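Just so it is clear, the structure is predicted and the values come from calculations on it, not from any experiment.
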Amino acid sequence: MSKAFLIDLTKCMGCRACQVACKRWNNLEAEHTSMTSDSWTNPFRLSARTWTRVDFTELQSPQYKAGMKWVFARRQCMHCLHPACVSACPVGAFRKTDEGPVVYDAQKCIGCRYCMVSCPFGVPGFEWDKGLLAQPLIKKCKMCVDRLGAGMEPACVKHCPPRATIFGERDELLATAKERIAANPDTYINHIYGENEVGGTSMLYLSSVPFEQIGFPKLGSEAVTVNTEAVMEKTLPFAAAWTVILAATYGVVKFRERTNPQGEEKNQ
Amino acid sequence: MNSENKTSSPTISFSWTILIILMVAGFLTTVARFIWGIGSISNLNDSYPWGLWISFDLLCGIALAAGAFTTAGGVYILGFDKFKPLLRPAILTGFLGYLLAILALGVDLGRPERIWHLIIYWNPHSVMFEVGWCVMLYTTILALEFLPMPLERFGLKKPLSIIHKFTIPIVIVGVVLSTLHQSSLGSLFLIVVNRLHPLWHSKLLPLFFFLTAVAVGPAVVVVEAYLSSRIFKRHFELDLLSRIVKVIPMLLGLYLVLRFGDLVIAGKLGALFTGSLLTLLFWIEILIGVVAPIYLFSKASVRENQTSLVKTSLLVIIGVVLNRFNVSLIAIARPDGATYFPHLLEFCISFGVIAGGIFVFWLAARFLPIWEVSDDASKV
Ligand code: SF4
Ligand code: SF4
Ligand code: SF4
C-alpha cells in the first residue's frame, strides 16, 4: 500500500493553484524572479522555496489548431520507488516510507549536496543564503506527509480546480491511467511517465505529447542506484582481498631479499 | 645548498607577501561564508550544487596526493629501497593535500559542524559514506606516516621506535584505503546516469579514477622535487625521478585501452566524432593528458632530461585535472539556462588553501628532517 499522484496534463489549465497551495501549506517564502525563459514558467526552477512549479511549454506544429499549443506540466519530487537521494545520502537523511513519500530528516543532514547531484530529476534544493547560525537545509516536496497523517489529501491535490492531479493508491491510479488511455487513444500518447522510469515513481503522468517535448528527462527503467549499490556491496570483500594480496606481496619480496641477500639491481 | 639566508632576499619576501595575502583573503572569505551562507561567496546554485571546490580542491587535490601511497607502497611493499629519498617529501605532500581538501570541504559542506554525523549515522549504500570514511581514516594513516619526522626532530626515541614497529601494517592499510578512496571518488558519478555525458559515464569510472591517480603520483613527485630544488636550492634527483616515471606509460597505456575498449563495448564510438564542444574536450583530455605522456615518457631522452621530464610530468597532471573537471562539472548536463562559473571569492578559498599548503610545506622543509635518509630514520 503506497500512495501516489496521477497527474493528467491534458486536464491541467496552468492556473498554478498547486504552486500557491504548496507555498501556503508549507510556509515557503516568495522568490525574487524575472522572466528568464521564453515561456511563462516562473520561477526559474524548483528550489528550497519552490517545491512544485508549473512548466509552460509552447509547442509549434501545423497539426495543432493555430499552429501551436500550450502544455502545462507541474513538476515536483517524483517520490521514486528506488530513490537516488535515499541511496546517495551518506548519513541516511532521506528515507522512502512505506506509505510512499520520500522524507528528509533535517537532524541528520551534513549539507554535502550529493542528493542534489544524484537526483535524476534535479529536485532537491539547498538554502544557499543561510550561514552557520541559520542552519541551511535541503528542501523538497514531502508529499505532504504531515497532512496524510491527519487523513487529508496533499495541499496541491486539494486545490487543483480541474482535478488534474489526483491522489490515491499507486496500483489503482495506474489502472485509472490505463483506462483513460484506452478510452481516449487519440487524446493520450501511450506512455505513463513514472510507471517504469528509474524503476518506477510515485508520481504518474499522462500526456497528449511525448514527454521529451516538454522537458521530461528520457530515462531507462533501471533504477539509477544499481551501479553505485553494486560497487558498495563489493567494497569490503575487495578491501579484504587487497589487504591479503599486499601482505603476501610484502612477504614474497622480503623472502626473496633474504634468500638472495646481495640483491641484484632492482628496476621499476 | 650553501645559501642559508634566502628568506631575507627580495624575491622570497615578495612570494611571502603573496602567500600571506592569499591566506588572509581565504580566511576572510571563509568568515563571510559562515555568516552569510555559501550563496554569498559563490556562484553555486541548485543546478550546480558542486563547483570549483569539489572539482579542484577535493577531486584534484586527492588525486594529486596519490604520490604518498604509491611511493610508500613501492618502497615498503615492493621493496624498491632506492626510492627512499623521495618518500618523505611525497608523504608530506600527501598529508598536506588531504588536510587542505578537508579545509576546503569545511567551507563547501552546508553543515560542517555536523561532520561527525558520518560516524554515527551510517548509510552503507552511499558512495559518499565511503568517501567520508576514507578521508577520515586515510588522513589518520598519513598523520602516522608523517609523525616520525617531528618525533625525530625532537629526539623522541621511544614513540619513534613504537611507530617503526608498525611501519608495514600502516603502509598496507594506507594503500588499501587509498585504493578505496581514489576509486570511490569515481564511483560518486556512477549514479549520475542520465546527465553525465556518455564519453565519461562508464561502469569503469572507479577503475579509471584509481588508475589515473596512480599514474599521476610519480608526476607530482617530479614536479614537487623540481620546485623544492628551486626554492630550497636542493639537488634534483634526476636519476631516481627518471626511473619512477617509467611506470607512467604502462599505467596510462592500460587506462587508454580500457577507456576506448569500454566505449567500443558500450557502442558509444559515434560520440567521439560529433564535433561538439564536449567531444573536443574529450580529445584534448586524452591527447594532451594521456597519449602525449605515454609517447614522451617511453623515450629515455625525455625521461633523462630535467626540463622535458618536468614538462611531461606537468602534462600528466593537466590531463588528470581536466578529467576530474570534466567528470564532475563540465560534462554533466544541466537544465536549460542554468549557468555556473566560479565566483572570484570561490577562487579566493581555493588559492588561500593552496597558499596555506605551500606555507606549511615550507615550514616543514625548514624545520623537519624531510630529506634525511639515515638508516634508522628512514623507516616510514
Ligand atoms: S525525484 Fe529526486 S529527490 Fe525525489 S525521490 Fe526521486 S531521487 Fe529523491
Ligand atoms: S546534503 Fe544532506 S540530505 Fe543531501 S546527501 Fe548530503 S547529507 Fe544527505
Ligand atoms: S504534495 Fe505537498 S509538498 Fe508536495 S508539491 Fe504538493 S503541496 Fe507541495
Measuring heavy-atom distances to chain B, does [X] have an atom under 4.5 Å in its side chain, in its backbone, in both, or in neither?
{"X": "A:Val198", "answer": "neither"}
{"X": "A:Pro217", "answer": "side chain"}
{"X": "A:Glu222", "answer": "neither"}
{"X": "A:Leu219", "answer": "side chain"}
{"X": "A:Cys109", "answer": "both"}
{"X": "A:Val117", "answer": "both"}
{"X": "A:Ala48", "answer": "backbone"}

Could you report the tightest heavy-atom contact between [X] and [Y], atom names first, then the distance?
{"X": "B:Met128", "Y": "A:Cys112", "value": "CG-SG, 4.1 Å"}
{"X": "B:Val175", "Y": "A:Trp242", "value": "O-NE1, 4.2 Å"}
{"X": "B:Ile172", "Y": "A:Ala247", "value": "CD1-CA, 3.7 Å"}
{"X": "B:Ile191", "Y": "A:Val224", "value": "CG1-O, 3.5 Å"}
{"X": "A:Trp128", "Y": "B:Leu44", "value": "CZ3-CB, 3.5 Å"}
{"X": "B:Gly110", "Y": "A:Phe126", "value": "CA-CZ, 3.7 Å"}

Separation between [atom1] of [X] and [atom2] of [Y], rounded to the nearest 0.5 Å:
{"X": "A:Glu229", "Y": "B:Ser187", "atom1": "CD", "atom2": "OG", "answer": "12.5 Å"}
{"X": "B:Phe189", "Y": "A:Tyr114", "atom1": "CZ", "atom2": "OH", "answer": "7.5 Å"}
{"X": "A:Lys140", "Y": "B:Asp46", "atom1": "NZ", "atom2": "CG", "answer": "14.0 Å"}
{"X": "A:Leu133", "Y": "B:Glu113", "atom1": "CG", "atom2": "CD", "answer": "9.0 Å"}

Around atom [atom1] of [X], are there more than 12 heavy atoms from other residues, nucleotides or ligands closer than 6.0 Å?
{"X": "B:His125", "atom1": "NE2", "value": "no"}
{"X": "B:Trp36", "atom1": "CH2", "value": "no"}
{"X": "B:Arg334", "atom1": "CZ", "value": "yes"}
{"X": "A:Asp129", "atom1": "CG", "value": "yes"}

Out of [options], return the one with the most heavy atom pairs under 4.5 angstrom to chain A.
{"options": "B:Leu205, B:Val192, B:Leu190", "value": "B:Leu190"}
{"options": "B:Ala333, B:Ser40, B:Ser47, B:Ala32", "value": "B:Ser47"}
{"options": "B:Ile115, B:Asp336, B:Thr179", "value": "B:Thr179"}
{"options": "B:Ile35, B:Val193, B:Leu188", "value": "B:Leu188"}

Heavy-atom check, side chain of [X] versus side chain of [Y], under 4.5 Å:
{"X": "B:Leu118", "Y": "A:Ile110", "result": "yes"}
{"X": "A:Val231", "Y": "B:Val127", "result": "no"}
{"X": "A:Leu137", "Y": "B:Arg111", "result": "yes"}
{"X": "A:Pro120", "Y": "B:Arg195", "result": "no"}
{"X": "A:Met232", "Y": "B:Ser126", "result": "no"}

Any side-chain to backbone donor/acceptor pair from [X] onto [Y]? Under 3.5 Å, distance only.
{"X": "A:Arg113", "Y": "B:Pro49", "answer": "yes"}
{"X": "B:Trp122", "Y": "A:Pro90", "answer": "no"}
{"X": "B:His117", "Y": "A:Lys108", "answer": "yes"}
{"X": "B:Asn123", "Y": "A:Ser87", "answer": "yes"}

Residue among [options] with most heavy-atom pairs under 4.5 Å to chain B:
{"options": "A:Thr235, A:Ile245, A:Thr225, A:Val91", "answer": "A:Val91"}
{"options": "A:Ser118, A:Gly92, A:Gly251", "answer": "A:Ser118"}
{"options": "A:Ser47, A:Gly125, A:Cys89, A:Gly122", "answer": "A:Cys89"}
{"options": "A:Asn227, A:Leu46, A:Ile138, A:Val226", "answer": "A:Asn227"}

